[in-house]
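Letters go in sequence order (proteins before strands), and every chain restarts at 1. Quick caveat, the model's predicted, so the values are computed rather than measured.
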Amino acid sequence: MTDLDQARVESLIDGELSWDELRNEVLPDPKDPDRFQKTREVLQERVDWDDPILVPLNDHLFVVGTDDGRVIRADCGTDLCDAGENWKRSCEVFVREEDEEFEELYEEYMHVDPDWAFELREWYCPECYQLLDVDAVPVGYPVLKPFEPDIDTFYEEWQGRPAPDREGEQAAD
Amino acid sequence: MSKPESELHDPGTTTREREHEHVEPPIGWDGRTLQEMLDESEQRLEETGRYQGLDELELKENDPFKYEQMYSRLRGALVSARETALHVSASPIVREIGELCFQIYTPEGDSVAVSTGIIVHVHTGSLAIKYMIEEGYETNRGIQPGDVFCNNDNDLGNVHTTDVHTFVPIFYDDELVAWADGVTHEIDIGGMTRGHDQVASTNRHEDGLYATCEKIGEDDKLYQDWRDRGQRGVRTPMYWDLDEKCRLAGCHMIREAIHEMIDEVGVETFKDFLYEAVEEGRQIMESRVKERMFPGTYREAGFHPIQWEDKAWQPGAQQNMMNHLPVEMTIDGEGGMELDMEGATPPGPHPFNCAKGSMEGALWVYLTQSILHDGKVNDGAHYAVDTNYPEGTVVNPQDPELSYHTPWMTIFPTYLAVSKCLSNGFFSRGFREEVITGYGEPSDALQGGGKLMDSLSEAIPDALGDYFPVGPFDFSCQGLGASACRDGLNYGYAMFNPEADLGDVEEWEQTQWGLIQLSRRVKPNTAGHGKYRGGSGWEGLHTVMGSEDVSLYTLSIPTVTWSSAGMSGGYPGGTSYSVRAHDTDLAKRTVTDEPYPLDDMPHNGRIEEQIEAEEVIRDHDGMFFPEEFENYDLLRYQTSGGPGWGDPLERPPEKLKEDIEKDIFTPDVVEEVYGVVGDYDAENRDFTIDEAATAERREEIREERAERTQSFEEFFEEEQARVKQSDWNDGVQYMYEGVFETSEEWAQDFREFWDLGDGYSP
């Protein structure tokens with residue numbers, strides 16, 4: 001079983017582990033069962049707020065519990081939307097569809113043929129302009145919500161404890 | 001047309017099956033027919049949710065050592081059969097790249113254990129066996145000791161036409177105790193054009209030779225008429241013959257190993273073991289989901305453009321099409337996984353139609369690489385996942401008339417989307433090392449064939465003939481996607497075979513006698529951008545020498561659009577394109593010792609700038625139909641890079657210095673995308689970072705982001721206007737129209753998203 005200490009989890013998050021370290025210490029099965037909690041603690045220490053991180057969504061987005069309910073928050077502290085909504089609707093977006101826009105990123109011939117009405121949609125944090133996600137879709141494609149976590153099922157049924165933002169509620173019950 | 005003269009197998013060497021020359025039905029366990037066994041198995045699964053309704057794994061619990069020993073021994077027998085039998089084959093696709101696998105099934109047709117190799121077929125073989133059971137082969141056709149069956153009919157249980165299964169029933173004391181199955185990927189299966197993954201075929205009748213769960217032999221020998229059919233049905237009879245012998249030899253090795261095992265443990269223990277192993281496989285899959293994933297709903301989509309308006313040969317195929325491959329994955333509180341592709345496009349006049357069994361097999365091979373890479377890998381995993389591949393769509397056409405020659409073009413984009421769904425779960429649980437943003441689709445499969453000129457064919461052994469097939473499987477080495485803690489593997493991954501291998505150039509040149517490889521090089525700017533970049537693809541150049549009647553083509557993806565993007569701000573890799581140069585001065589250059597092209601750089605070193613040629617075809621689309629090539633013509637092709645993870649501005653400059661020095665990216669792209677500025681001494685491969693300029697450029701890029709972006713509301717308004725006007729090309733129109741026809745549910749979601757009203761249709 002893999003069993004990473006906190007320093008190792010930090011190195012993993014920071015991308016500092018070599019291939020040999022990953023292969024020998026991190027990749028083998030079975031996984032350390034408390035990896036989620038260790039990761040959550042490291043991430044929580046790194047942000048500037050006390051509201052509990054409930055689920056990390058990607059490098060810069062989290063579902064966070066607040067007094068006003070669960071929200072999707074960027075690590076710069078910007079609340080994008082309620083947890084049940086599609087956070088991309090709160091982003092700034094840049095759409096690439098023309099040759100010259102693609103050729104800022106790719107060589108000629110090595111990107112979408114502009115005749116194909118196919119876009120790269122880049123989703124940015126409206127506050128700090130961190131790039132949060134990129135979609136490659138045809139024109140007119142709906143903006144998918146990539147992940148809707150079932151937070152309470154995870155904490156209560158898989159972790160055997162209430163979600164961190166519901167601990168007080170359960171105690172009060 | 002040559003006929004193989006050697007006997008396939010000496011019956012005297014297979015002792016056990018000879019003891020039972022004929023077995024009266026029923027041949028199932030305890031006096032039951034196979035149909036009764038299958039019905040009972042399905043009923044128990046339906047009623048209990050557990051394979052064979054097993055409450056407990058008694059053998060595993062009471063004698064775990066024996067149980068694990070049996071599993072290891074069975075798997076060892078399968079791997080040993082594969083590693084030994086592949087040497088019977090002459091095709092480098094099988095022998096060098098290992099495009100084969102062996103597996104064992106319960107009498108009902110559920111896989112228990114698999115060898116290494118192209119394990120996508122584990123579940124497809126299951127479907128073929130169940131077809132034979134349900135069609136009454138036990139009594140109608142007869143299933144006897146020493147029988148041999150064959151299937152490559154995709155609609156009944158196969159991935160694509162050039163994969164061929166050989167099945168051998170294994171008997172013990174008048175009962176069928178198991179099935180052995182071997183699959184190899186043929187270098188040619190007949191069909192309307194040369195090649196193993198055709199682009200031109202549009203219906204079944206153009207696909208080539210089909211065996212539809214046929215009995216092809218008895219008493220361990222193949223029927224003469226079957227052998228003649230194979231010899232006459234393909235362009236490469238020698239490879240066909242030896243591949244078939246390879247499959248049959250492997251199945252017979254497995255049969256011998258199972259007989260020995262049963263002699264030692266007893267047949268009842270063996271039977272218990274088979275069922276428990278499948279149920280354990282199901283349980284392992286569920287527990288692995290709970291260990292690695294986060295409950296909830298995940299959504300992604302893959303896309304496959306087909307730009308055939310000016311390319312296809314048949315009138316019905318002369319159109320631009322885009323296949324829509326949506327994926328919604330749900331993980332429930334019990335650890336159950338559901339995969340729903342509601343909204344997939346209808347099937348079409350192309351070879352990319354994918355049978356349901358192929359989709360299930362592909363799900364299986366992808367799960368074994370992402371979440372189930374150890375434990376009991378078998379059909380138990382299949383039973384742990386609920387799938388919806390909607391009937392009447394490109395992922396489950398239910399129509400044997402269609403062409404199924406190259407369903408991989410549907411499979412690759414679909415499982416890119418699946419990969420991203422799984423990776424979102426892994427990331428949320430803290431398993432960043434397991435994240436894979438996807439993969440470079442196994443692209444630019446160069447195919448075709450030709451004949452050696454008489455003067456050269458005399459130098460080749462007579463038995464091989466003068467026709468040479470072209471089907472290098474070096475496209476097995478694409479760039480792997482990035483994870484959330486490291487870059488993707490460079491030129492070393494194929495989704496379809498977890499043991500992908502590039503193969504030596506010399507191996508291919510021994511087969512493709514008239515096709516000479518001029519170069520293999522890292523292809524700059526194929527890797528997907530990101531904080532962690534995708535693995536890089538590579539580029540190759542071929543020329544034709546000493547040959548005549550040569551036609552070549554490439555099957556390519558992604559070409560005119562991407563299939564999907566990266567994750568967390570990562571981008572997709574570069575798309576492929578094609579360059580062919582006809583009537584060149586390469587022959588003169590070889591005599592006068594002048595340089596010839598080794599690569600193609602669109603900005604500063606195109607092939608046409610490096611060689612004289614009467615005609616150069618340069619196309620944004622990497623895929624082209626079979627085209628004649630003369631000696632000294634050039635053909636360039638490339639493989640794909642994997643998608644990236646994370647914002648490129650977060651990639652450390654030192655890593656980009658390394659990327660430039662290793663030809664992963666060119667300095668101009670690095671400056672534009674990553675904001676890393678410096679001087680590159682290309683001759684000495686030394687990039688010096690200008691730290692001040694880099695800081696300044698990165699700040700500029702951030703400011704540009706603020707200036708050029710728009711709000712979601714502005715984006716929505718503009719895009720909605722285009723939707724209302726169907727302001728897209730005909731390929732995208734094909735996609736939306738098709739989805740609206742097949743899925744009212746998806747259509748309604750689309751209307752609601754864009755606030756269009758019930759009357760809208762594209």
I'd like to know which of [options] tops the heavy-atom pair count under 4.5 Å against chain B.
{"options": "A:Val93, A:Leu144, A:Asp150", "result": "A:Val93"}
{"options": "A:Phe62, A:Tyr124, A:Phe102, A:Trp116", "result": "A:Trp116"}
{"options": "A:Glu157, A:His111, A:Lys31, A:Glu148", "result": "A:Lys31"}
{"options": "A:Phe154, A:Trp158, A:Trp19, A:Trp123", "result": "A:Trp158"}

Leading residue by heavy atom contact count with chain A [cutoff under 4.5 Å; candidates [options]]:
{"options": "B:Gly574, B:Ala565, B:Ser568", "answer": "B:Ser568"}
{"options": "B:Glu434, B:His620, B:Glu703, B:Gln638", "answer": "B:His620"}
{"options": "B:Phe665, B:Phe716, B:Tyr674, B:Trp645", "answer": "B:Trp645"}

Find out whether A:Val143 and A:Asn86 are in side-chain contact, i.e. whether some heavy atom of one side chain is under 4.5 Å from a heavy atom of the other.
yes
Proximity breakdown for A:Glu119 and chain B, heavy-atom pairs closer than 4.5 Å
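Contact with chain B is through the side chain of A:Glu119 alone.
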Which atoms of A:Asp14 come close to chain B, meaning under 4.5 Å heavy atom to heavy atom: side chain ones, backbone ones, both, or neither?
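It is the backbone, since no side chain atom gets that close.
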Using heavy-atom distances under 4.5 Å, tell me whether [X] contacts chain A through its side chain, its backbone, both, or neither.
{"X": "B:Trp754", "value": "side chain"}
{"X": "B:Asp727", "value": "backbone"}
{"X": "B:Arg722", "value": "side chain"}
{"X": "B:Arg606", "value": "side chain"}
{"X": "B:Thr526", "value": "both"}
{"X": "B:Ser564", "value": "backbone"}

Give the ring-plane orientation class for A:Tyr141 versus B:Phe303, where under 30° counts as parallel, over 60° as perpendicular and anything between as tilted.
perpendicular
Spacing of CG belonging to B:Asp647 relative to CG belonging to A:Asp133, to within rounding of 0.5 Å
11.0 Å
Short N-O contact, A:Glu104 and A:Arg96, less than 4.0 angstrom
yes
B:Phe715 and B:Phe712 aromatic centres sub-6.0 Å:
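Between B:Phe715 and B:Phe712, the centre distance is under 6.0 Å.
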Does a side chain donor of either B:Asp619 or B:Ser578 reach within less than 3.5 Å of an acceptor in the other side chain?
no
